[in-house]
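For reference, positions follow the sequence shown, starting with 1. Small disclaimer: the values here were computed from a predicted structure and weren't measured.
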Amino acid sequence: VAMGLLISASLTQAALIDNGDFTYDTATGLYWSDILPTTGFSYDTVSAGIASGGTLSSGLSLDGWRFATGEEFADLINAAVGSDYTPKGDGIDYAIYDDMLSLVSLLGETIVVDGVHFTEGLYSTSENAPGGEAYTGIFGYVTEGVDSFDGLDQAGIVVLEGGSQPFSDDNPYIGSFLVRDTPPPVPDTGSTAALLGAGVVALAIARRRLG
């Protein structure tokens with residue numbers, strides 16, 4: 001595991017380490033789930049799964065995960081950009097294009113509209129205005145050479161409160177920003193059982209030879 005973390009560290013920003021199904025932020029110590037396994041599931045569905053430790057039909061076990069807060073989402077952006085970043089005006093900034101592209105690649109893009117690539121997800125509603133809606137955190141980038149966002153291309157985009165989504169509604173383009181303080185358990189792919197089986201066979205052979 002340690003070697004995997006060291007190797008993956010060279011593939012992305014210094015503070016964000018890609019571990020396949022999740023990303024580790026060394027600055028905050030948080031583990032971020034890829035967003036695609038939760039895309040299309042409502043806030044209520046994911047919340048219920050978190051409370052019960054259940055598993056989504058996508059195969060993601062929600063045991064140990066929770067919704068990220070808006071502050072934690074902002075910290076993720078800062079980790080990707082490499083410094084504290086405050087969106088300027090409409091949130092477009094050429095300087096963060098490559099950083100945002102890498103971040104979208106890490107967590108997965110949920111929608112592409114006219115060359116604009118976005119990752120959209122729900123985060124904790126505890127800090128949002130009441131009314132039965134969960135605001136979405138949105139970040140993305142515009143494909144290089146595509147003139148599709150306010151006349152600009154190659155632009156990084158950060159919008160921390162980009163829209164709203166009713167708690168009970170599924171949306172095929174919106175997932176959930178989930179975090180945890182400890183690494184997710186590594187699923188047993190059968191290798192442990194195979195090793196034990198090989199050991200039993202080896203012992204049986206040895207006993208037969210000794211006998």
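Between Thr39 and Ile174, the closest side-chain pair of non-hydrogen atoms is not below 4.5 Å. Pro184 has its side chain within reach of Trp65: a pair of non-hydrogen atoms, C-beta onward, lies under 4.5 Å apart. Between Phe139 and Leu107, some side-chain heavy-atom pair lies under the 4.5 Å cut-off.
Atoms CG and CZ, from Asp63 and Arg180 in turn, are 7.0 Å apart once rounded to the nearest 0.5 Å. Atoms CG and CD1, on Asp99 and Ile77 in that order, are 10.0 Å from each other to the nearest 0.5 Å. Distance CD1/Ile50 to CG/Leu56: 9.0 Å, rounded to 0.5 Å. Note that CD1 of Ile111 is 8.0 Å distant from CG of Asn171, once rounded to the nearest 0.5 Å. With rounding to the nearest 0.5 Å, the separation of OG in Ser176 from CG in Leu122 is 4.5 Å.
Under a 3.5 Å cut-off, the side chain of Ser124 and the backbone N or O of Thr69 do not form any donor-acceptor pair. Under the 3.5 Å distance criterion, the side-chain polar atoms of Thr23 are left unmatched by any main-chain donor or acceptor of Asn19. Thr119 places a side-chain N or O within donor-acceptor distance of the main-chain N or O of Gly108, the cut-off being under 3.5 Å. The backbone N or O of Leu76 sits nowhere less than 3.5 Å from a side-chain atom of Glu72 that would complete a donor-acceptor pair. When atom types are taken as modelled, the side chain of Asp34 and the backbone of Leu36 share no donor-acceptor pair closer than 3.5 angstrom. In this structure, Arg66 contributes its side chain and Asp181 its backbone to no donor-acceptor pair below 3.5 Å.
Ala68 and Tyr123 make their closest contact through O-CB, 3.1 Å (heavy atoms, listed as atom of the first residue, atom of the second, distance). When all heavy atoms of Leu103 and Ala80 are compared, the closest pair comes out as CD2-CB, 3.7 Å. The shortest heavy-atom contact between Leu60 and Thr38 is CD2-CG2, 3.6 Å. In terms of heavy atoms, Thr136 sits closest to Gln165 at CG2-CB, 4.5 Å. Between Glu109 and Tyr141, the shortest heavy-atom contact is OE1-OH, 3.8 Å. When all heavy atoms of Phe41 and Val46 are compared, the pair lying nearest together is CB-CG2, 3.9 Å.
Phe167 and Tyr43 have their aromatic ring centers within a separation under 6.0 angstrom.
Side chain to side chain, Thr28 and Asp25 meet the donor-acceptor criterion of an N or O pair below 3.5 Å. Using modelled atom types and a 3.5 Å distance limit, the side chains of Thr45 and Ser42 yield a donor-acceptor pair.
Atom CG of Asp21 has 12 or fewer heavy atoms from other residues, nucleotides or ligands within 6.0 Å.
Hydrophobic clustering (ILVMFWY, side-chain heavy atoms < 4.5 Å, transitive): Val112 and Val104 are in distinct clusters.
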Item to check | Check against side chain to side chain contact (heavy atoms under 4.5 Å, CB included), Leu30 and Asp75 | outcome: CA-CA 10 Å; Leu30 290 177; Asp75 288 339; over 6 Å; no

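Under the 30°/60° scheme for interplanar angles, the aromatic rings of Phe73 and Phe177 are found to be tilted.
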